[in-house]
Every structure is written in structure tokens, then in C-alpha cells.
Amino acid sequence: MKNGFIKAAALTPKVRVADTTYNRERICELIDMGVHAGAQIMVFPELCITGYTCGDLFAQELLLAEARTELVRLAEYTEKIDGVVFVGLPFEYNSKLYNVAAALSGGSILGLVPKTHIPNYNEFYERRYFEEGFADPVPVTVDDDHIVPMGANLLFSCRQMPDLLIGAEICEDLWAPDPPSIRHAMAGATVIVNLSASDETTGKDIYRRDLVAGQSARLICGYVYASAGDGESTQDVVYSGHNLIAENGIVLEESERFVNESILSEIDVQRLCEERRRMSTYREVRQRYITEEFHLEEKVTELTRFVDPAPFVPGRQEDREKRCEEIFMIQAMGLKKRLEHTNAATAIVGISGGLDSTLALLVTAKSFDLLGKDRSGIIAVTMPGFGTTDRTHQNAVTLIESIGATLTEVPISEAVQIHFRDIGQDESVHDVTYENCQARERTQILMDIANRTGGLVIGTGDMSELALGWATYNGDHMSMYGVNVSVPKTLVRHLVRYRADTCGEERLASVLLDVLETPVSPELLPPEDGLISQKTEDIVGPYELHDFFLYYVLRFGCTPRKIYRLAVYSFNGIYDPETIEKWLTTFYQRFFSQQFKRSCLPDGPKVGTVAVSPRGDLRMPSDACVRIWMDDLERLHAETEEKLDKMKQFDRDLDQILKDLM
């Protein structure tokens, strides 16, 4: 439950048709398994107490009575467990039979949710047995000790985790045009459970998977889908036990079909609530709902779900290539429009031989191709200075020639030395003034060439640099259109590699690959033995960490301690917790202190779900205080130190015990 995570399980027991005692015993075994694995929400298939395929046996009073008896026994069984359990059974009310989902917790039956949409087409014949469920809850009697609410408009709330509100629907409800889960979510439900008995036909698993994922995305919810499997009658159809757990459009876990595989994963309820708060079109509408409360133990939910260490970069090569092509076109089309609108004769790009300027040049070339303009109208300017190495200079020249742009070289050392003299800067003092004078000199050159040639200066800086404020104000910070403004550094690498793999030109591909191998550096300090002496990631930290932090700060508004936990989990074996904490602290300090640079950014295209434009995604005051975020990190540090001390003390005690035994 810590940081908003709750572990859920979709469990498929091997049933015997109409053997309620046997089925209850199998359900109890799987409950134990789920509890042992840390699950606090456990969902079983539709009608699992009797079996879904009882047919006309649903008309037998004895079967219905035994189902109620076993339901009460299951409820009593939950008294000793920490969790809420959903099971399916037939239930008679007012001389009508309903297909219901029963919620059980703490030894009690919390309520019964009837199936709303009763299928009666193709292989389904449920209307022969079951009545369509009603919405408004009414009190019903299960036995002398259990009078509980029954109705579709019934939600289940966790006392210890107020954001965890569970709604239930049953199988066909999801397939209908108006699933009850829509009402549930609009009434506040953050997790939907579906008790299903979906039979298997060719290709149906793909449709089912898309349906579950799509509903979780549309409702911004967690969705736990448990389906009937082995043990059901195969008289006419087969059930595969296809279980799914999804969250906001992403399938977190999926079972193998035909093996009765139970699955578990963690749903990030906090993240769902944050996403709903962000979306102004997500409206909450309360519609005569009754909420039943249950209790869960407050504990740390062990994470098993995949947390991507590179959230901006698709993992599958096919998806990554598609994403790169899409982003490249967004960048190029944005610049194309700006060049058209301003009637620019040229585009001026400062080329350093580094990643960002390389990508900017590639995008500019594509924009010129889209406009049908000769690439010679791209004025690519190299401006070697005190820190320029032979490697980056040669790569810059080769890149410009391979693209077909017009190469212009303007050395800056002499001009900067004159400027040092004018402002009284000691050239031997390699401080921030020494560095920024060079950056501003380069920007002045680009702007003036743009004036002389009737063109636009194309910005090269990426979103990761902007997040950290790693840009010289009115230096590389400034341009007339920034094509990389919403592309994080980790993605810049893949965009450049993608162009290397797809350009079809050996010379261009070769130089792009060497740019990728070059350390990230502003090259503002003199080289050491001809090599780059100033490596950005040694100063501000690894970009893969900062991009991870940036994603969870801006996309989901996560707290520092939650981001720390996710990073420690995701980068396990790559970075130790102390390193992650160090650079997370750096991130917050720089992110808040450098907002004034982002508040006056030039225009540039948004390419993903995270951006820092002051006109779009990030309307953040430049003078916002970072104190509460730093306080959270300090508390985290203190807790981490305390745990470390306890571990050290345990090791000392263990050593002493071993010595005493010897």
C-alpha cells in the first residue's frame, strides 16, 4: 500500500461442475496462495462456486442453497486473511435468479453485485436461467447472519487507503455498449474487477486483451479480469482461464491460456488518481451509489511489475523505430511551418559535433526536403573555441558535408579573449563566466548570420538540459525555433541512431555512429591531452536517471520518495541507492532553481506526453520554493540511514553470536 501500490491477483481454480464444496476448497487454496504472494485484492471467475456450465442445474434448489452455504464459509475463511476477495455464484432474490459477484473481507460478505447484461446469442443462453441485474442496491438475506446490499451501484472502499475504491462487473458487462464499469469509474472507482467465464474461439484472446486494456485506459483505472478455465464442461465450448491485469491502457500481467495460471501484479492507485486530476474532461458523477468499507493491513507492497528505466524510449525495436520516425516527422513538420510562415531564406544551425546539434541538423535537412528547398540553404556553422577537440570538429565538418549543407566556420577564441579583456575576466580562471562567454559569443554569431542571410536560428538544446537548467541564459538557451525542446536526452540518442540505421549513406551513417560514441560535453574547458575534459554527466549526473526523474515528476506528479523507490527498483544492479538519492537531490535543486530559463523558451514542437514549454505543459512560477520536496528527501535520507544502521547492528550481533558459538 506504500506509495499507492496495491497487489491484485486474478485466480482461476480448477472446478468441478456443480460440486460446490470441492470448488470452495480450491478457492480457499488459491486465496492462501494469493495471500502468501502478498495479494490484497483477489478476483475469481464468474459463478466459480458452482461452475459456469451448470446449465439447467441452475434451476435446482439444492444447488442454489449449497452455493449460499459455501459463500458463507468462504466469507468466514476471509476472517484470517488480509485482503478482499471477489467470487461468483448464482443467487436467488424475489423468486428470480441472478448471476452475482460477492465481495468478501474480514469474515463478512460486503455485498453482491449482479450481472447487468445477460447474453443470449451464439453459444450463450444465460437468459434461460438469469434475470438482468438491477442498479440500485437493496438489502438481501444470505442467511440469518448475513443481510447485505445487492445491486450494480455498489462500491467497496478501503479504510486504510481511501483512493482504493473497487467496482465490479461480470463478463458480458464489459462487451456491452454501456458497461457498468463506466458508471463505477465516474462514481470514483479506481479499480474494476471482472468475474468472467469467456469461452475460447480462434482470435478471441486478442480481442479480449484489447478490450480489457482499452477499458482501463478509457476509465483511467486498474482492471482485474479473472476467467473460467479447466474443469468447466467442454460439452460445446472450451474455457482457457485467460486472466489479465491492466492499468490505464497497459497490460501489467497476462496468463498463459489453457493452464489455469493465476497472475499477480501491483496497481498504482496513486498514479491513477494523479492522472484523473490532470484530465479536466474526466468528470466524477455520483449516482445513488452505496459504498461498503473494508479494512486492509497497511504494509509495503513488494513490487514485481515492470518499471521501465527508460520511460521515454520504447523497449521493442519495432516500436522504437516507429516512435523515432514519428517524432522526427513532428519535429520536421513543426520547423517546416515556421520556415514557410516567416519566408525564411535560410536556416542557421550551430554544429558542435555533439548529439543535440546533430539531431537538429538532421531535422532541418528533412524540413528543407519537405519544402522542396535545396539543402545548401542550411547554413551549418562550426565555431571552434578553447574546448573544441579534433574529434568533434572533424565530426561536425563531415556531418555538414554529408548532409549537403553550407559549411561556415567562425573560430571564437580571439573574439572571446577580447571580450574577457573588456569585462575584466582573467582567462586563466575557468569559471562559469569563462564558459558562458563562449556560449553567448556563439549565439551572437548565429543570430547575426541569420540577419545577414534572411534566415532563422534553429535551437539545438534538448528537454533534459532544460529540466536541469544546463543551458547558458541567452546563449544556447536562445534560438528562433527549438526543434529538440521536448525531446529528452535518452531519446535523442535513439533518434540519431535511427537515422544512422536508415539513412542509406555510408559516410553519414559512420559519422552519426561516432557522434553517438562521443561523451556528452559543452566543450567549454580546454582539452586534456587532446581529449574532452568536461563531461556533462560527471557534473550534473547520468541523463538516464534524470530523464527517469523528469518523467515521474511531470507526467504523474510523484513524490520524491516514490520516485526514489521506483528508481531503486528499476535501476537495481546499475546504480546503488546512495547514487540515486544523490542525483535525485540534484535534480530537484536544479529543476526548481532553473525554472526562469524555461519561462522564456523559444517556440518548439511538443513530441511526447512530457514537455516543459511555459505556453503548454509547464506553467510553473520561476520563484517556486523547493522546500517541501527537499524535506521529503531529507526524511527519506533519515529513514534510509536508520535502516542501514539496523542492518549493520544485525550483522554485528550475528558476528557476536557466531563467535560465542565457536
Side-chain angles (χ1 to χ4, degrees), residues 20-21 23-24 27-28 31 40-50 58-116 118 129-160 162 164-170 173 180 183-184 187-189 191-193 195 286-296:
T20 56
T21 299
N23 295 340
R24 186 255 305 163
I27 291 169
C28 288
I31 289 174
Q40 292 182 293
I41 301 173
M42 286 165 274
V43 186
F44 288 86
E46 179 180 11
L47 296 169
C48 59
I49 291 179
T50 58
F58 284 126
Q60 297 293 313
E61 176 60 34
L62 182 59
L63 181 67
L64 303 181
E66 287 297 314
R68 289 194 300 272
T69 298
E70 299 302 344
L71 174 65
V72 172
R73 289 176 178 169
L74 279 170
E76 292 170 349
Y77 194 78
T78 65
E79 185 173 9
K80 66 176 185 178
I81 71 160
D82 174 40
V84 57
V85 177
F86 292 86
V87 295
L89 74 154
F91 186 83
E92 185 179 358
Y93 170 68
N94 280 354
S95 302
K96 294 293 183 181
L97 193 60
Y98 296 89
N99 179 346
V100 305
L104 316 173
S105 186
S108 299
I109 303 171
L110 301 177
L112 305 176
V113 178
K115 187 173 185 176
T116 299
I118 309 300
Y129 321 112
F130 298 109
E131 190 75 9
E132 195 171 90
F134 47 86
D136 295 339
V138 298
V140 299
T141 301
V142 179
D143 66 4
D144 293 340
D145 297 323
H146 294 88
I147 299 175
V148 302
M150 173 176 162
N153 288 3
L154 188 58
L155 299 178
F156 306 95
S157 166
C158 177
R159 176 68 178 275
Q160 291 75 21
L164 177 58
L165 198 60
I166 305 174
E169 61 186 7
I170 301 175
D173 287 342
R183 298 197 313 273
H184 299 341
V191 173
I192 304 296
V193 300
L195 291 70
R286 292 278 176 179
Q287 305 178 14
R288 293 182 295 181
Y289 267 80
I290 288 178
T291 301
E292 292 295 317
E293 191 175 76
F294 61 92
H295 296 261
L296 294 178

Acceptor/donor pairs from residues 129-140 side chains to any protein atom, 3.5 angstrom cut, sequence neighbours excluded:
residue	atom	partner	partner atom	Å
Y129	OH	D56	OD1	3.3
E132	OE2	R127	NH2	3.4
D136	OD2	R288	NH1	3.4

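The neighbour count for E79 CD, taken as heavy atoms of other residues, nucleotides or ligands under 6.0 Å away, does not exceed 12.
H295 has its side chain out of reach of C158: every pair of non-hydrogen atoms, C-beta onward, lies at least 4.5 Å apart.
L296 and G83 make their closest contact through CD2-CA, 3.4 Å (heavy atoms, listed as atom of the first residue, atom of the second, distance). Heavy atoms only, all atoms of each residue included: L154 and P149 are closest at CD2-O, 3.7 Å. Taking both residues in full, the closest heavy atoms of V113 and A168 are given as CG1-O, 3.5 Å, listed atom of the first, atom of the second, then distance. Shown here for A67 and T50, the closest heavy-atom pair between the two residues is CB-CG2, 3.8 Å. Annotation for A189 and G167: closest pair CB-N, 4.0 Å, computed over non-hydrogen atoms. In terms of heavy-atom proximity, A152 sits nearest to R183 at CB-NH2, 3.7 Å.
A distance of 11.0 Å separates CZ in F91 from CD1 in I49, rounded to the nearest 0.5 Å. Here L71 contributes atom CG and R24 contributes atom CZ; the two are 11.5 Å apart, rounded to the nearest 0.5 Å. Here SG of C48 is found 3.5 Å from CD1 of I27. Values are rounded to the nearest 0.5 Å. Residue L112 holds its CG atom at 11.5 Å from OH of Y93, rounded to the nearest 0.5 Å. Taken from CG in L89 to CG in L195, the straight-line distance is 10.0 Å, to the nearest 0.5 Å.
Listed by first then second residue, pairs satisfying salt bridge (charged side-chain N to carboxylate O under 4.0 Å, His left out) with a partner in residues 59-69 read E61-R68, not counting sequence neighbours.
Residues meeting the side-chain hydrogen bond (donor to acceptor under 3.5 Å, both in side chains) test with R73, sequence neighbours left out: E70. With sequence neighbours left out, E76 forms a salt bridge (charged side-chain N to carboxylate O under 4.0 Å, His left out) with no residue at all. Residues forming a side-chain contact (heavy atoms from CB on, under 4.5 Å) with D173 (at least two apart in sequence, or on another chain): K115, T116, H117, E169, I170, P180. For D143, the side-chain hydrogen bond (donor to acceptor under 3.5 Å, both in side chains) partners are H146, not counting sequence neighbours. Every side-chain contact (heavy atoms from CB on, under 4.5 Å) that T78 has, sequence neighbours left out, goes to I81, V85, L104. With sequence neighbours left out, the side-chain hydrogen bond (donor to acceptor under 3.5 Å, both in side chains) criterion links N99 to E46. Here S157 pairs with L165, T291 under the side-chain contact (heavy atoms from CB on, under 4.5 Å) rule; sequence neighbours left out. Legend: residues meeting side-chain hydrogen bond (donor to acceptor under 3.5 Å, both in side chains) with K96, ordered by chain and number and at least two apart, are absent. By the side-chain contact (heavy atoms from CB on, under 4.5 Å) test, A103 pairs with F86, L110, F156, sequence neighbours left out.
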Can you list the steps and then say if L164 with I166 is a side chain to side chain contact (heavy atoms under 4.5 Å, CB included)?
CA-CA 6 Å; L164 177 58; I166 305 174; 4.0 Å; yes

Check the pair M42 / I31 against side chain to side chain contact (heavy atoms under 4.5 Å, CB included), numbers first and verdict last.
CA-CA 7 Å; M42 286 165 274; I31 289 174; 4.2 Å; yes

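The aromatic rings of H184 and Y289 stand perpendicular to each other, their planes meeting at an angle above 60°, with 30° marking the opposite boundary.
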